[in-house]
Novice: 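Attaching a single structure in structure tokens format; questions to follow.
Not measured: the values here are computed from a predicted model. Order of the sequence lines fixes the chain letters, A, B, ..., with proteins taken first and strands second; residue numbering starts at 1 for each chain. Every heavy atom of this structure was used, including side-chain atoms; hydrogens, water molecules and symmetry mates were not.
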Protein chains: 2
Amino acid sequence: MTVQTSGNTSAAESVSGAAKKTRKSEKTRRKILDAAAYCLNHQGYALISMQTIAEHINIRAASIYYYFDNKDDLVDEVLRIGMEVVFDKVRDAVESLDADATCRERVEAATLAHLTALLDYGDYTSANIRNFSLVPMELRRNNLAVRRAYANFWRELFEHGRQSGEINADVDLTLTRLLLIGGINWSTDWYNPRKLPVEQISKEVCRIFFDGVAAPPTSQDPV
Amino acid sequence: MTVQTSGNTSAAESVSGAAKKTRKSEKTRRKILDAAAYCLNHQGYALISMQTIAEHINIRAASIYYYFDNKDDLVDEVLRIGMEVVFDKVRDAVESLDADATCRERVEAATLAHLTALLDYGDYTSANIRNFSLVPMELRRNNLAVRRAYANFWRELFEHGRQSGEINADVDLTLTRLLLIGGINWSTDWYNPRKLPVEQISKEVCRIFFDGVAAPPTSQDPV
DNA sequence: GTCTATAAATCGATAGAC
DNA sequence: GTCTATCGATTTATAGAC
């Protein structure tokens, strides 16, 4: 209310941050993005309107156009953030493991991080996953680069496990990866945090994928 | 160009079929549903308009209202068909197996049928899966009954396997089911029929879920 | 930076001719 | 059954006051 109202507002906080204080401009921009992510997640693309987004943060729809050229640019940024935040969390989780961590430990950490970003971290991530296939082609195309990089990260995770002999040699790793990520992405539809915490979910998910659900032979051969 | 132009079109083909010929009325109704399913799948709810749907089959938007009271009723029926066609195919596939078929064989047949319905059968199924969570609450509620019944079918499939000792006793069957269905539902995003046919996909999916991807111990304990 | 006011387009849905 | 014409509501986006 005193210093940082309008005068020497400078630099953004997101990239190559210079100043330390968030400008009011940046704050409002973030609030718009948050509201857009919320609406996108709960109502879906094209069901959301600029007016609805604006109402959530008590501004007028016209004000949004001071920050974003049009609706698609706004949605585009929400989707981008949604995918990047997952990627960042997952990469951080895996890279913070010991260098000699097993493939299973890495996949488990990645699964937990992905699940956490998806369920706890909220609307950006869910908005991306739920809306990607329904969004105009151009927005999809813009989002593809990050998605490919993320897919590659997982691919390397599994291929590392294969090279170390931890994963069966004749298993389809691409299918494994798509099944795992697809399965946990779906969790936004059924997950109930009061039934099972994310830590247990990710542990159990990896148990299913690594060990399988088939019961081991009941009695060993009498050798 | 001669006989079957307009005259004696009669009776519906769908339920409790009486006559053998499809009325023009029913034919147009089906064409509208097809177009709606296509648009719903490729553009998503609320991005589709009655006009777009009408254009796909060369009629005027107003004509749709002769067959459906409003847009939501039309969407509702597309979603219902989408879920029912999967359920029907999967149930048929499982029930056509031998009575002494193993749990794994049943799950494999169910997976193949689900995948086939999803990928071959087309827009109705995908439209349901992709739009369910984004559609207005009332439409969701209408679709829940079929979805619950379908989920129960899978649940029994797995619980049967547990009771027969085929599935590990301490595996979370609910999570297994959700992971499996979620994973293959996601396949509409990545599946390429020229890379791997559905039969191989479903076989490999079941192998991953039943046996796991972990490599077996390389050398047995020297006992 | 945020607002009011409004232009321009599009949507769902209805009325009524044919 | 399908059409044209249109109403009324809502949308994105812009213009300009403050």
Novice: Please tell me which of the listed nucleotides, C:dA15, D:dG1, C:dT4, lies nearest to the side chain of B:Tyr66?
Specialist: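 Closest nucleotide to the B:Tyr66 side chain: D:dG1.
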Novice: Polar atom pairs between nucleotides 8-11 of chain C and protein, under 3.5 Å, N or O only, would you list them?
Specialist:
residue: C:dC11; atom: OP2; partner: B:Gln51; partner atom: OE1; Å: 3.3

Novice: D:dT4, C:dT2, C:dG1: which one has an atom nearest the side-chain heavy atoms of A:Ser25?
Specialist: C:dG1
Novice: Suppose we call two aromatic rings close when their centres sit under 6.0 Å apart. Are A:Phe87 and A:His114 close by that rule?
Specialist: no
Novice: What is the distance from CG of B:Asn58 to P of D:dC3, rounded to the nearest Å?
Specialist: 9 Å
Novice: Using distance alone, with no hydrogens and no angle criterion, decide if B:Tyr124 and B:Asp34 have a side-chain donor and acceptor under 3.5 Å apart.
Specialist: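 There is such a pair between these side chains.
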Novice: Would you mind reporting whether A:Phe158 and A:Thr174 have side-chain heavy atoms less than 4.5 Å apart?
Specialist: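 Contact flag for A:Thr174/A:Phe158 side chains = no.
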Novice: Expressed as a whole number of angstroms, how long is the span from A:Tyr65:OH to D:dT11:P?
Specialist: 11 Å
Novice: Would you say NE2 of A:His160 has more than 12 non-hydrogen atoms from neighbouring residues, nucleotides or ligands within 6.0 angstrom?
Specialist: no
Novice: For B:Ile32 and D:dT2, give me the distance from atom CD1 to atom P, rounded to whole Å.
Specialist: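 To the nearest whole Å, that distance equals 8 Å.
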Novice: At their closest point, which heavy atom of B:Cys39 faces which heavy atom of B:Ile48, and how far apart are they?
Specialist: O-CG2, 3.3 Å
Novice: Counting side-chain heavy atoms from CB outward, which of C:dT4, D:dT2, D:dA13 is closest to B:Ser63?
Specialist: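 Nearest to the side-chain atoms of B:Ser63, counting from C-beta on, is D:dT2.
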Novice: Counting side-chain heavy atoms from C-beta on, which of C:dA15, C:dC3, C:dT2 comes nearest to A:Thr28?
Specialist: C:dT2
Novice: Round to a whole Å and report the spacing from CZ of B:Phe68 to C1' of C:dT14.
Specialist: 18 Å
Novice: CD1 of B:Ile59 versus C1' of D:dT4: gap in Å, rounded?
Specialist: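 Going from B:Ile59 (CD1) to D:dT4 (C1'), I get 14 Å.
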Novice: Within this structure, what is the CD1-to-P distance between B:Ile57 and D:dT2, rounded to whole angstrom?
Specialist: 9 Å
Novice: Round to a whole Å and report the spacing from CG of A:Asp73 to P of D:dA13.
Specialist: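 After rounding, the gap between these two atoms is 9 Å.
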Novice: Do you know which two heavy atoms are closest between B:Cys103 and B:Leu157, and how far apart they sit?
Specialist: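 Shortest heavy-atom contact: SG-O, 3.7 Å.
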Novice: Do B:Leu74 and B:Ile53 make a side-chain contact, defined as non-hydrogen atoms from C-beta onward lying under 4.5 Å apart?
Specialist: yes
Novice: Please give, in whole Å, the distance from C:dA13 C1' to B:Leu74 CG?
Specialist: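 Distance, rounded to whole Å: 14 Å.
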